[in-house]
Structure formats: C-alpha cells, structure tokens
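Per chain, numbering begins at 1; letters A, B, ... match sequence-line order.
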2 protein chains.
Amino acid sequence: MRNNNADLRVIRTKESIRHALVELINEKGFEAITVKDITTMAKINRGTFYAHYQDKFDLMAKCEEEIMLDMSRITKQNFPSVIAALETDSKTLTPLSLTVTLFEYLNINSEFMKAVLGPKGDLSFQTRLKEFMWETLYGNNPNAFIKEENFLVPGQYLASYMGTAIIGVIQQWLESGRKESPQEMARILTTITVNGPYFAAGLKK
Amino acid sequence: MRNNNADLRVIRTKESIRHALVELINEKGFEAITVKDITTMAKINRGTFYAHYQDKFDLMAKCEEEIMLDMSRITKQNFPSVIAALETDSKTLTPLSLTVTLFEYLNINSEFMKAVLGPKGDLSFQTRLKEFMWETLYGNNPNAFIKEENFLVPGQYLASYMGTAIIGVIQQWLESGRKESPQEMARILTTITVNGPYFAAGLKK
DNA sequence: ATAAGTAATGAACAACCTGTTGTTTATTAC
DNA sequence: GTAATAAACAACAGGTTGTTCATTACTTAT
C-alpha cells in the first residue's frame, strides 16, 4: 500500500501553496486573494491547486484546522488534565506553565498566526481560537470559574471578556515583533488576569 | 447651486444599498458577497451602484467611516472632556456615563454592528473600534493610565488587553440578543475592568 | 407649472476569475 | 521493467466585474 502523504512532490506543492497564502494575506488580505494569485506566487499550475483544495476557503480551513489540532494535541500531551497543570504552578488560579507552552507554539508558527490574527486576517478563526484559549486556560478550571451567575456579573460576559482579552494580548505580541519570550508573555497575561488591569497598572491597591 | 445630497432618489438608493449590505453580511458574510447580490437585493441597476461606490470594499469603508464619525461626534458632544465625564460619576476611575452613551449608540445601530463584529464580519473594523473604545474610555484618562512601563506589566499589553476585552463584551451582548440595557452593560463592563475578572467571579477577595 | 438638471435604467462590452475536463508526464511499487 | 497512481497541464464554458451610452424618470429652483 502506498503512502500518499510521503510523496515529495505533494509535500513541496503544499508547502509552497501555504507559504504563498501567508505572504498574500499579509500583502492584501484574505478577502482580496484569488486562486490565481496563490498559484502564480507558488509557481504551480492552477489545476494543481484544485487537485489539493476545493477553493481558497478550503485551503484556509485546512490550514486553520491543522493549527487547532496541533494546539489541542500539544496541550493534552503536556497537560493531560488542567488539575495537573494547576498543581505544577503551586497554587495559582491560572495554569502558568500551560500558558507558556501555548505561547511557545504560537512563537513557532508566528508567520501564519500573525497573518490570520492581523487586521487583514480571518475573524472566524479568531473566534475559534478565542474559544479554545478560554476553554483550555480557564474553562475546565476545577474551581468552576464561570457559573450562570457569578459574584458581580453574568458568567457569559466574564468568559467573553477574558477570552477576547487573551487574543488581544497575543495580537499585540505578534504585531510588535515578539520582543518578549513566551515565558515573559505568560507571566504578563496571568498577572493582568489574576490581579485585574487597574491593579496591574498601579492605579488600585 | 444644487445640493446633490438632498435628492430623495439618492437617499433612497443609498439606504437600500446599505440595508442590503447588512442583510447579506448576516446571510453569507462580506467575503462571499458580490456587487450583483447587493444590487439584486436592493432592487437597483448594477450601474447605479458603481455611480455611488467604487466597489464593495469602498461601500464597506464608507459605512464604517460613518459609524466611527458618529461615535466620535456623540462622544465629544456629550463629554467634551474625559475629566468632565469622570466627575459626573463621582470618583470612579472609569467614565460610567460615557460608557452608557456608547452602548446606547451601539444599541440603535445594532443591526450593522452585529453584522460587522460577528464571525462573518470585518476584522479591520474591529481593530479600529478597539482603538477608538480604548482611547475614548481609558486612553485620555487624566490619571495617565498607561505608561511606557506600568506597575506590573508593559503598558502596550494592558491597552491591548482592555481594548480587546471591551470588544468581546460588546460582541457577546449583540450575539445573545441584547437582553441587557445599555445601562446594565456599562455597569458590567466597568465592574469587570475595575475589579478584575477573578474578583468579579467571586474567586478572589 | 414648467424647464433644466440630475439620477436611475437597460443593454452591451471586454477583461478577468472560476472550477471542470480530458490529456500528458513523472514517480513509485511490485 | 512494467503497471498503477497521482501531479501537472492546456483549454473550455459560465459567471462577475467595471465601463459606457442612449433613454427614461424623477427632483428642484424659478
């Protein structure tokens, strides 16, 4: 039986297609990209593109899917349960070591992440990543973080607030050139979340 | 000299174009919309569309620009300075009354806002709105909220965190059917921001 | 009320992009 | 070495785009 995925031509073709996609998103935004743009930049025949993907949406979906699966796999591999992650961090409420791991992955795939999370990127991917980050970092917290009604505000708004805020910090990190290490970013994110933005700014004791 | 903008035909045409745009974004996402779709739904000739807008991107940009100008105008009208807004609220750190005003505007234009901030919306608009909200609500705070280096974390990450978090709360409100009043939403947003998410959830004293 | 000015219409146009088809070429497994 | 398999290709029909032009319908200023 043949192993299709091992064919060097396939690997080369797919790599140049995906590289061209990232380039073009940064250049003109996913919106304005045509299949012709991609194949021209990837230096392949347009027919070849359709042999691998249905259209540009299919290409995008498969790239995003791969990223999400990777993150899921890495998370489960390193931290089979959130409880274990929390114990690693000696009694903080947020799994710091897990956050470091995720930032390390973002760092490796920064080219793609920067493209799809940037202003010309894909809003639906942002939504999916937001939900993933929320669930991974806080959603399964054994302290049952979000209840229907929380202490001061409805739980759904707390979840949206924190989920979106994480994405914002990631975007800022990617756009400003990833000057901080993944470790430092995890510390920053955890600090703001645990203490609240006003305290972190020094405006509140 | 004639005033072209007053021509009832122009007003009617533009209104039906913009209404069709909102409908279509909710239906299939901005991405997939063709100019033909818009003109068919708006029941106008395709040539008429090109008499008013260069293409669908130009249409979108002009709609967004109008919203941003509106919000800017309303803000300046009601609160010429952030200091005045803060004084209205008897010594909180966040301008609650200003937040209410902004949520009231979002409420009136909820159809459009829901479309462009939803999963099928426009990421670049989200970025612009984020920056506007940040600057309006916190950026000009006389307490000089964000410095180059803050107490615990770099200021740029605090700004991104809070700016994006606001957008997240707004998105959640629009998507879940705007059950809360603008007043209630302003209270929720202010509460989380001032106290921090962990406190608001009841996990921290 | 009317005339002048302006917007909207329908039709036609070339240019472009799309997705598919049938064919050729290169690689791999036996 | 040969047969199976899949990538690469050129050519095609169908649809969208942005423009133009003559004609019709509507609005406004006088």
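Between A:E111 and A:R18 there is no salt bridge, since no side-chain N of the basic residue sits under 4.0 Å from a carboxylate O of the acidic one. With respect to the salt-bridge test (charged N to carboxylate O, under 4.0 angstrom), the residues B:R128 and B:E65 qualify. For B:E184 and B:R178, the salt-bridge test fails: no basic side-chain N is under 4.0 Å from an acidic carboxylate O.
Rounded to the nearest 0.5 angstrom, B:I33 CD1 and B:K28 NZ are separated by 7.0 Å. Going from atom OH of A:Y50 over to atom OG1 of A:T39 covers 8.0 Å, rounded to the nearest 0.5 Å.
Separation of the A:F125 and A:F132 ring centroids does not fall under the 6.0 Å cut-off.
Atom-to-atom, CD1 of A:I11 to P of D:dA6 comes out at 15 Å; the value is rounded to the nearest Å. Between B:F49 atom CZ and D:dT17 atom P there is a gap of 9 Å when expressed in whole angstrom units. When the P atom of C:dA7 is taken as reference, atom NZ of B:K14 falls 10 Å away, rounded to whole Å. Atom CG of B:L59 is separated from atom P of D:dG18 by 12 Å (rounded to the nearest Å). The CD1 atom of A:I44 sits 13 Å away from the P atom of D:dA10 (whole-angstrom rounding). Atom pair B:L8:CG and C:dA8:C1' shows a separation of 14 Å (rounding to whole Å applied). Going from atom CG of B:L24 over to atom P of D:dT16 covers 13 Å, rounded to whole Å.
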**Item:** Base versus backbone protein contacts along nucleotides 16-21 of chain C [heavy-atom cut-off under 4.0 Å; B, S, -]
**Value:** -SBBB-
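Annotation for B:H52: atom NE2 counts as buried by contact number, over 12 foreign heavy atoms lying within 6.0 Å.
For B:H52 and C:dA8, the shortest distance from a side-chain N or O to OP1 or OP2 is below 4.0 Å. In this structure, A:T48 reaches the D:dA8 phosphate: one of its side-chain N or O atoms is under 4.0 Å from OP1 or OP2. Residue B:T13 places at least one side-chain N or O under 4.0 Å from the OP1 or OP2 atom of C:dA8. Applying the 4.0 Å criterion to OP1 and OP2 of D:dA10, one finds that A:N45 has a side-chain N or O inside that range.
Among the nucleotides D:dT27, C:dT9, D:dA7, the one closest to any side-chain atom of B:D7 is D:dT27.
Remark: the A:T40 side chain and the A:D37 side chain contain no N/O donor-acceptor pair separated by less than 3.5 Å.
Looking at heavy-atom distances under 4.0 Å, A:R12 makes no contact with the nucleic acid at all.
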Polar atom pairs between nucleotides 22-26 of chain C and protein, under 3.5 Å, N or O only, would you list them?
none

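Using a distance-only test at 3.5 Å, with no hydrogens or angles considered, no donor-acceptor pair links the side chain of A:S72 to the main chain of A:M68.
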